[in-house]
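Written out below as structure tokens is the structure these notes cover.
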Amino acid sequence: GSLVWPIDGQPIAVKPGGQKSLNMCSDGEGGVYIIWKDIVEAMIYGTHISFEDEILESGEGIPLMSSSTHESSVSLETAGNGEAAMVWSDDRDGDMNIYGQRIKADHDEGTISTLWSSFEEGGKVICNAIGDQGSPKITYAYGCCGDQLGITVAVWQDFRNESKDIYMQYLYSDGLPFFEENGLEVCGIIGDQTKPRVKADASGAYVVWYDDRSNNDDIYAQKILMSA
């Protein structure tokens, strides 16, 4: 192979104060989305690299939300139609809840648009049940639930009950939920279930997690059908 850019790399975010929580996903059309958290501004920034290697706001990035609250554990995934979706844990409501956003790059305008809420609103609520929700992850499933753009599948650990459980939600391309408000319980057995991961296709989703029901860090899994 051969390097496309200079040997010292291409600047994505080079700003005072530092950046952290880097993440990246394909746009499904030969390009990629990149997101990170700006330490000084405490905001999520992003950029998009097109299949022609055009970088939006190279070295600076584009702010994706204006919320000054604490956002953590941002998960990013392709979402169809050249777009991407992300979920995160957010304390703007007092405890930690799950928020999400769908984004679309426009190289003609030199920007990234937010689709599930305005920039100022800073994302859409996916789960705001009582207690803390954290460790969210998402994946993409094409061709299911009647949505031609596919479904974003989100999972998280949830402390609405006496111990940490696993919940999930399917989200249509417009951000509307498939399951009931605040998600479907995947596992709520005694003990803590934590740090879920998810993969999905048109038939359903597989979720795995750590589980201490036996006072040991075991691993359990579940399969969820789209018709569930």
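Atom CD1 of I130 has 12 or fewer heavy atoms from other residues, nucleotides or ligands within 6.0 Å. A 6.0 Å sphere centred on CD of E29 holds more than 12 heavy atoms belonging to other residues, nucleotides or ligands. Heavy atoms of other residues, nucleotides or ligands lying less than 6.0 angstrom from NZ of K195 number 12 at most. Taking a 6.0 Å sphere around OH of Y210, one finds it holds 12 or fewer heavy atoms contributed by other residues, nucleotides or ligands. Surrounding CZ of F159 are more than 12 heavy atoms belonging to other residues, nucleotides or ligands, all under 6.0 Å away. The 12-atom threshold is not exceeded at CD of E109, counting heavy atoms of other residues, nucleotides or ligands nearer than 6.0 Å.
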side-chain contact (heavy atoms from CB on, under 4.5 Å) for I224 and F179? Distances and angles first, verdict last.
CA-CA 12 Å; I224 301 92; F179 292 124; 4.2 Å; yes
Under the side-chain contact (heavy atoms from CB on, under 4.5 Å) criterion, do I49 and I12 qualify, and how do the steps go?
CA-CA 10 Å; I49 306 176; I12 299 298; 4.2 Å; yes
Please walk me through it: do Y220 and C187 pass side-chain contact (heavy atoms from CB on, under 4.5 Å)?
CA-CA 9 Å; Y220 279 75; C187 184; over 6 Å; no
For the pair T152 and R102, evaluate side-chain contact (heavy atoms from CB on, under 4.5 Å) and give the outcome as yes or no after the intermediate values.
CA-CA 10 Å; T152 294; R102 190 179 179 102; 4.3 Å; yes
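The hydrophobic cluster containing V153 also contains Y172, counting ILVMFWY residues as joined when their side-chain heavy atoms lie under 4.5 angstrom apart, directly or transitively. In the hydrophobic cluster analysis, where Ile, Leu, Val, Met, Phe, Trp and Tyr join through side-chain heavy atoms closer than 4.5 angstrom, V4 is grouped together with V32. Hydrophobic clustering of Ile, Leu, Val, Met, Phe, Trp and Tyr side chains at less than 4.5 Å, counting indirect connections, keeps M96 apart from I126. Under the 4.5 Å side-chain heavy-atom criterion for Ile, Leu, Val, Met, Phe, Trp and Tyr, V208 and V155 are members of distinct hydrophobic clusters. Under the 4.5 Å side-chain heavy-atom criterion for ILVMFWY residues, a single connected hydrophobic cluster contains both L64 and V125.
Between L176 and D174, the shortest heavy-atom contact is N-OD1, 3.0 Å. Shortest non-hydrogen contact noted between I44 and M86 is CG2-CE, 4.5 Å. Summarising the geometry of N23 relative to S75, their closest heavy-atom pair is ND2-CA, 3.9 Å, with the distance given to 0.1 Å. The two residues Y33 and A84 make their nearest non-hydrogen contact at CD1-CB, 3.6 Å. When all heavy atoms of I62 and E57 are compared, the pair lying nearest together is CG1-CG, 3.6 Å.
Under a 3.5 Å cut-off, the side chain of W116 and the backbone N or O of S173 do form a donor-acceptor pair. For the pair S50 (side chain) and E52 (backbone), a donor-acceptor distance under 3.5 Å is present. T47 places no side-chain N or O within donor-acceptor distance of the main-chain N or O of G61, the cut-off being under 3.5 Å.
To the nearest 0.5 Å, atoms NZ (K124) and CG (L171) are separated by 7.5 Å. To the nearest 0.5 Å, the span separating OH on Y99 from CE on M65 amounts to 11.0 Å. With values rounded to the nearest 0.5 angstrom, D212 atom CG is found 7.0 Å from D217 atom CG. Atom CD1 of residue I151 and atom CG of residue D201 lie 13.0 Å apart, to the nearest 0.5 angstrom. Note that CG of N97 and CG of N182 are 8.0 Å apart. Values are rounded to the nearest 0.5 Å. Rounded to the nearest 0.5 Å, atoms SG (C25) and CD1 (I103) are 7.0 Å apart.
Note: Y170 and F178 have tilted aromatic rings, judged against thresholds of 30 and 60 degrees for the angle between ring planes.
Of the listed residues (Q133, Q193, E185), just one forms a side-chain hydrogen bond (donor to acceptor under 3.5 Å, both in side chains) with Y167, and that residue is E185.
Side-chain N/O atoms of Q19 and W36 include a donor and acceptor closer than 3.5 Å.
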